Visitor: 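Please find one structure pasted underneath; my questions will follow.
On a predicted model such as this, the values are computed, not experimentally measured, just so you know. Chain letters run A, B, ... following the sequence lines, proteins first, then strands; residues in each count from 1.
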Number of protein chains: 2
Amino acid sequence: MPVVTVTGSVGSAGGGKGRRERLRAETTAEIKKVALALMASGGPDAITLRAIAREMGMTANAIYGYFPARDDLVTTLINDVYTALADAVDAAWEAAPVTDPAARIEAWANAFRTWALVNPQGFRLIYGDPVPGYQAPEGGPAPDAARRVCTGLTALAAAAWPHTQHLYEGSTFDWSDFDPGLLDKVRPAFPDLPPAAVALALRMWGHLHGLVSLEVYGHLRTQTTSPQKLFLEELGQLIKMLGIPRGR
Amino acid sequence: MPVVTVTGSVGSAGGGKGRRERLRAETTAEIKKVALALMASGGPDAITLRAIAREMGMTANAIYGYFPARDDLVTTLINDVYTALADAVDAAWEAAPVTDPAARIEAWANAFRTWALVNPQGFRLIYGDPVPGYQAPEGGPAPDAARRVCTGLTALAAAAWPHTQHLYEGSTFDWSDFDPGLLDKVRPAFPDLPPAAVALALRMWGHLHGLVSLEVYGHLRTQTTSPQKLFLEELGQLIKMLGIPRGR
DNA sequence: GCAGTTACTTCACACCGTATAGTTTTCGCA
DNA sequence: TGCGAAAACTATACGGTGTGAAGTAACTGC
């Protein structure tokens, strides 16, 4: 199962920018790699500068040469992990046939849940309170990856829209109800889509995020013995609600 | 707006169990009160024994006379806060007319979201990664309150079930798919309810939790400018999906 | 070959939970 | 009323955390 890989990997051939910068890039990558490994084994709390440095045979303060503060490292990690999640759901979406919108929704959603269950600590890092005193930067720690997820969801909603739009007759949604940055991505890709369809996409996000989040944080474990079944039921009802005809 | 109150409040008339125990109960209540105040202003991270003690003019170690460890204090706080949440949604549910299931759903859901927006730190404490290294006890930190929330949701689903059950024809849900502890509460209260209705209740939980959680953690802020509108849309579509006839 | 930049270490400080030992206050009972 | 026990609390200490200031060693470009 492909977990999270580090951007700007440790591979040898740096862009010929000189030995110094290549070493620097490699060390940066190793810091991130070690941090992700610590997170995978001990949760986001385990991401501490001292533990990373210990693992690398360095002093904690050495890391300050690569990241101005711990929060910047965490922000970078969130970006990497969120990007990996976006990659996973995008890949699953693309692998399903364009002619079968229901299958694409199922592929997207199952990839989302599977990724979360395989990388629960990554999910907590992205969507929960990550490390102790972390303060996310203005505009969120990983705006691009979040946009990709939302755009992907909007693609799902767009494919379903011909069958679903009758549910949104008399909708009061307006373009001004959404963030311009999101619309910049969405409106060019789907010129005919009304604002209500974007609301539908966000609602779908809420549905899936809610169940997966309850499961990852263990709140479902004390209620149901088969969250998988519950999730599949959710998917079935979602597709039924959207009115998408099944089969190819 | 009623925030969280401490159980066993600081009021004077203790049960006549002697001055010693009364003082002890008062101190315990004050510890919790101060901890909740710290949480409200600085987030769950701010709940530190030393900060509490500082605020109370004590030493941090004095708290060990009241709670065996920090995690036990946190567990108690989660219990109190979760109970306050359950009280809030239950009260809203009861205030709506029994004859209008849609209104009861709206009341429950709006109370849930409102409580979360008024007490975002409490929401994080209950549903997120609370304080740094916190380990929840076996069976969850607040099993009773969680049960109450689920039972309340099941009551909503039960009221809607006559209109909704046709969506669950051919459902494969079985009583063994759910936790016995939940069923002990639910089946006596709603003897005619099939397992699929409990699944519906958990799905509704997921839908509401997902949107509220995304909003509380700020993931919605970068996508939509009016999460309130989105939530109300969710409610409208939920009731439409459930097939409940509107009006009185 | 040497000056300057970079990488890194050392020391320090304030904060955290918590274990141990010691001190003070209070209660129950003869 | 006085005294022994228990309870409440403090003092000290240890290892953990992020981070700032200062110092040292290595590498790079001229």
Side-chain angles (χ1 to χ4, degrees), chain A residues 10 14-32 34-35 38-39 41-77 129-137, chain B residues 14-32 34-35 38-39 41-77 125 129-137:
Chain A
V10 195
K17 297 276 288 182
R19 185 177 125 83
R20 207 83 181 245
E21 304 186 34
R22 182 165 48 83
L23 283 178
R24 184 177 180 78
E26 285 177 13
T27 306
T28 307
E30 193 188 349
I31 292 173
K32 296 204 274 179
V34 170
L38 286 169
M39 182 194 74
S41 62
D45 290 353
I47 304 175
T48 68
L49 297 185
R50 296 183 122 105
I52 296 168
R54 213 178 298 130
E55 203 81 19
M56 293 177 67
M58 288 199 319
T59 313
N61 280 5
I63 301 180
Y64 282 85
Y66 298 87
F67 296 93
R70 187 207 53 162
D71 279 13
D72 297 274
L73 169 59
V74 172
T75 298
T76 304
L77 293 175
D129 288 315
V131 283
Y134 176 71
Q135 285 278 37
Chain B
K17 297 276 289 182
R19 185 176 125 83
R20 205 83 179 246
E21 306 186 34
R22 182 166 48 82
L23 283 178
R24 184 177 179 78
E26 284 178 13
T27 307
T28 306
E30 192 188 351
I31 292 173
K32 297 204 274 178
V34 171
L38 284 169
M39 184 194 74
S41 62
D45 291 354
I47 304 175
T48 69
L49 297 185
R50 297 184 120 106
I52 295 168
R54 212 178 299 130
E55 203 80 18
M56 294 177 67
M58 288 200 318
T59 312
N61 279 3
I63 301 180
Y64 282 86
Y66 299 88
F67 297 93
R70 185 207 54 162
D71 279 12
D72 297 273
L73 168 60
V74 172
T75 298
T76 304
L77 293 176
L125 182 72
D129 289 317
V131 283
Y134 176 70
Q135 284 280 35

Visitor: To the nearest 0.5 angstrom, please state how far the CD atom of A:Glu26 sits from the CD1 atom of A:Ile31.
Guide: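 CD1 of A:Ile31 is found 12.0 Å from CD of A:Glu26.
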Visitor: How long is the line joining CE of B:Met56 and P of D:dA8, in whole Å?
Guide: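 After rounding, the reported distance stands at 13 Å.
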Visitor: Does B:Ala51 offer a backbone N or O that forms a donor-acceptor pair with the side chain of B:Thr48 under 3.5 Å?
Guide: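 Such a contact is found between B:Thr48 side chain and B:Ala51 backbone.
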Visitor: Report the C-alpha distance between A:Met39 and A:Leu77 in whole Å, list the side-chain angles of each, state the deciding distance to 0.1 Å, and finish with yes or no for side chain to side chain contact (heavy atoms under 4.5 Å, CB included).
Guide: CA-CA 10 Å; A:Met39 182 194 74; A:Leu77 293 175; over 6 Å; no
Visitor: Just report the end-to-end axis angle for the helix from C:dG1-D:dC30 to C:dA30-D:dT1, five pairs per end, to 10 degrees.
Guide: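 Its terminal axes enclose an angle near 10°.
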Visitor: Taking CD from A:Glu30 and C1' from C:dC8, how many angstroms apart are they, rounded to a whole number?
Guide: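 My rounded result for the distance is 15 Å.
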Visitor: Nearest whole angstrom, please: distance from the C1' of C:dA7 to the CZ of A:Phe67.
Guide: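 Nearest whole value for this atom pair: 15 Å.
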Visitor: Minimum heavy-atom separation for B:Pro137 to B:Thr75, with atom names?
Guide: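 Heavy-atom minimum between the residues: CD-OG1, 3.8 Å.
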Visitor: Classify B:Tyr134 by what it touches in the nucleic acid, base, sugar-phosphate, or nothing, heavy-atom distance under 4.0 Å.
Guide: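 No contact.
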Visitor: List the protein contact pattern of nucleotides 9-17 of chain C with one symbol per nucleotide (5' to 3'): B for base contact, S for sugar-phosphate-only contact, - for none; contact means a heavy-atom distance under 4.0 Å.
Guide: BBBB--SBB
Visitor: Please report the shortest heavy-atom distance between B:Ile63 and B:Ala53, naming the atom on each side.
Guide: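 The answer is CD1-N, 4.0 Å.
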Visitor: Side chains of A:Phe67 and A:Thr28, heavy atoms from C-beta outward: is any pair under 4.5 Å?
Guide: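 Of all side-chain heavy-atom pairs linking A:Thr28 with A:Phe67, at least one is under 4.5 Å.
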Visitor: By the definition side chain to side chain contact (heavy atoms under 4.5 Å, CB included), identify the one residue from A:Met58, A:Glu55, A:Met56 that meets it with A:Glu30.
Guide: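 Checked A:Met58, A:Glu55, A:Met56 against A:Glu30; only one passes side chain to side chain contact (heavy atoms under 4.5 Å, CB included): A:Met56.
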Visitor: Side-chain N or O of B:Arg24 less than 4.0 angstrom from OP1 or OP2 on D:dA8?
Guide: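 Yes, within the criterion.
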Visitor: So B:Tyr66, base contact, sugar-phosphate only, or nothing? Heavy-atom distance under 4.0 Å.
Guide: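 If one applies the 4.0 Å heavy-atom cut-off, B:Tyr66 turns out to touch the sugar-phosphate alone, with no base involved.
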Visitor: Rounded to whole Å, please give me the gap between CG in B:Leu23 and C1' in D:dC9.
Guide: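 After rounding, the gap between these two atoms is 14 Å.
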Visitor: In whole angstrom, give the distance that lies between atom CZ of A:Arg22 and atom P of C:dA7.
Guide: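 Atom CZ in A:Arg22 sits about 14 Å away from atom P in C:dA7.
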Visitor: Quick one: CG on A:Leu73 to CD1 on A:Ile52, what's the gap to the nearest 0.5 Å?
Guide: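 It comes to 5.0 Å.
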Visitor: How many whole angstroms separate atom CD1 of A:Ile52 from atom P of C:dC8?
Guide: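 These atoms are roughly 14 Å apart.
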Visitor: How about A:Thr76 and A:Lys32: do any of their side-chain heavy atoms sit closer than 4.5 Å?
Guide: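 Side chain of A:Thr76 against side chain of A:Lys32, heavy atoms only: contact under 4.5 Å found.
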Visitor: Expressed as a whole number of angstroms, how long is the span from A:Asp71:CG to D:dG20:P?
Guide: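 So the two atoms are 11 Å apart, to the nearest Å.
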